[in-house]
Amino acid sequence: DTGVSQNPRHKITKRGQNVTFRCDPISEHNRLYWYRQTLGQGPEFLTYFQNEAQLEKSRLLSDRFSAERPKGSFSTLEIQRTEQGDSAMYLCASSLEGGSLAQETQYFGPGTRLLVL
Amino acid sequence: RKEVEQDPGPFNVPEGATVAFNCTYSNSASQSFFWYRQDCRKEPKLLMSVYSSGNEDGRFTAQLNRASQYISLLIRDSKLSDSATYLCVGIGGYQKVTFGTGTKLQVIP
């Protein structure tokens with residue numbers, strides 16, 4: 001399977017714990033995005049990497065959230081001191097930098113569903 | 001006002017009907033637009049890119065109206081399998097990505 005993969009698919013944690021999610025993009029894609037989606041809403045942009053550089057961060061990304069993409073391939077999203085309001089689906093997407101719409105198309109992974117108790 | 005707005009629906013239509021969704025955007029700097037389809041508890045999947053001149057893919061037609069700042073999606077001859085949530089997306093400078101809240105479509109036998 002050469003699509004975007006995410007691990008774990010589901011995570012249940014207690015409030016105050018730290019969690020880390022991983023995203024493996026499509027191998028030739030140099031752009032990687034993280035989103036959060038809650039029920040009845042569209043995905044909300046969190047952050048974006050081009051290669052290993054984190055170029056954009058949403059105001060939604062509080063100090064408890066950090067993302068890395070150290071080698072420009074896989075990425076991790078860590079949430080520290082989780083709160084119940086962090087419960088959501090965390091989606092990762094990747095795309096290829098380029099000037100055409102086809103190249104800008106983002107392909108999504110299956111997501112990690114987080115439940116904070 | 002949200003940067004990308006969609007009517008959340010639900011749109012309940014009979015099989016074979018034609019249905020149209022609109023999506024308005026407020027950021028005139030948005031450059032690229034897409035329609036994604038999302039099934040319940042699944043990830044969004046690309047349905048169509050939206051070209052400035054409009055484009056068609058089988059039963060689906062997408063239009064972009066920059067003057068009025070909206071994009072549209074037309075689905076002809078609706079199938080039961082078209083039931084899903086349809087998300088419009090705008091991408092602006094510096095890869096600023098904004099999704100709409102989605103429009104839910106239910107095709108009824």
Side-chain angles (χ1 to χ4, degrees), chain A residues 1 3-6 9-10 23 25-26 29-51 53-61 88-115, chain B residues 2-10 21 23-25 27 29-55 57 62-64 66 71 73 84-105:
Chain A
D1 186 353
V4 179
S5 61
Q6 290 186 247
R9 296 291 305 278
H10 303 273
C23 171
I26 293 171
H29 285 182
N30 60 340
R31 288 179 168 168
L32 187 147
Y33 308 77
W34 284 101
Y35 297 86
R36 179 174 68 190
Q37 186 174 27
T38 53
L39 197 62
Q41 300 297 316
E44 294 174 296
F45 171 82
L46 293 178
T47 191
Y48 146 64
F49 290 85
Q50 183 153 311
N51 301 308
Q54 188 174 18
L55 297 185
E56 193 73 20
K57 287 173 64 173
S58 164
R59 288 190 298 271
L60 292 174
L61 215 63
M89 172 79 93
Y90 290 84
L91 291 160
C92 174
S94 70
S95 71
L96 185 64
E97 178 187 6
S100 71
L101 281 177
Q103 289 170 317
E104 284 197 54
T105 299
Q106 296 184 30
Y107 294 88
F108 283 82
T112 295
R113 191 171 295 278
L114 173 66
L115 178 61
Chain B
K2 291 185 178 180
E3 288 194 33
V4 177
E5 292 201 60
Q6 295 182 252
D7 182 342
F21 309 136
C23 172
T24 58
Y25 62 94
N27 185 356
S30 294
Q31 298 166 351
S32 308
F33 299 91
F34 303 84
W35 282 102
Y36 278 77
R37 170 196 169 124
Q38 188 171 27
D39 293 292
C40 188
R41 303 181 72 82
K42 299 285 190 180
E43 73 274 20
K45 293 190 176 177
L46 177 72
L47 179 67
M48 296 178 75
S49 306
V50 185
Y51 293 90
S52 296
S53 55
N55 47 303
D57 182 3
Q63 297 277 354
L64 167 62
R66 287 195 185 274
I71 65 172
L73 177 68
T85 295
Y86 291 83
L87 297 159
C88 68
V89 187
I91 301 181
Y94 302 105
Q95 288 297 297
K96 181 175 167 57
V97 183
T98 309
F99 276 82
T101 54
T103 297
K104 187 171 182 179
L105 171 66

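Atom set for the values below is all heavy atoms of this structure, side chains included, hydrogens, waters and symmetry mates excluded. Residue numbering restarts at 1 for every chain, and letters A, B, ... go by the order of the sequence lines.
- To the nearest 0.5 Å, atoms OH (A:Tyr35) and CZ (B:Phe99) are separated by 5.0 Å.
- The closest side-chain donor-acceptor pair between A:Gln6 and B:Glu43, if any, does not fall under 3.5 angstrom.
- The line from CG of A:Leu39 to CZ of B:Arg41 is 8.5 Å long, rounded to the nearest 0.5 Å.
- Using a 4.5 Å cut-off between heavy atoms, A:Tyr48 touches chain B through its side chain atoms alone.
- For A:Leu55, no part lies near chain B; criterion is any non-hydrogen pair under 4.5 Å.
- A:Gln41 touches chain B through backbone and side chain together, each having a heavy atom under 4.5 Å away.
- With chain B as the partner, the residue from A:Pro43, A:Ser58, A:Gly109, A:Gly42 showing the most heavy-atom pairs under 4.5 Å is A:Pro43.
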Could you go through the side-chain contact (heavy atoms from CB on, under 4.5 Å) check for B:Val97 and A:Gln106 one step at a time?
CA-CA 10 Å; B:Val97 183; A:Gln106 296 184 30; 3.5 Å; yes
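- Distance OG/A:Ser95 to CD1/B:Ile91: 7.0 Å, rounded to 0.5 Å.
- If you measure heavy-atom distances from A:Gln37 to chain B, the contacts under 4.5 Å come from the side chain alone.
- If you tally non-hydrogen atom pairs under 4.5 Å between each of B:Gln6, B:Gln38, B:Lys45, B:Lys42 and chain A, the highest count goes to B:Gln38.
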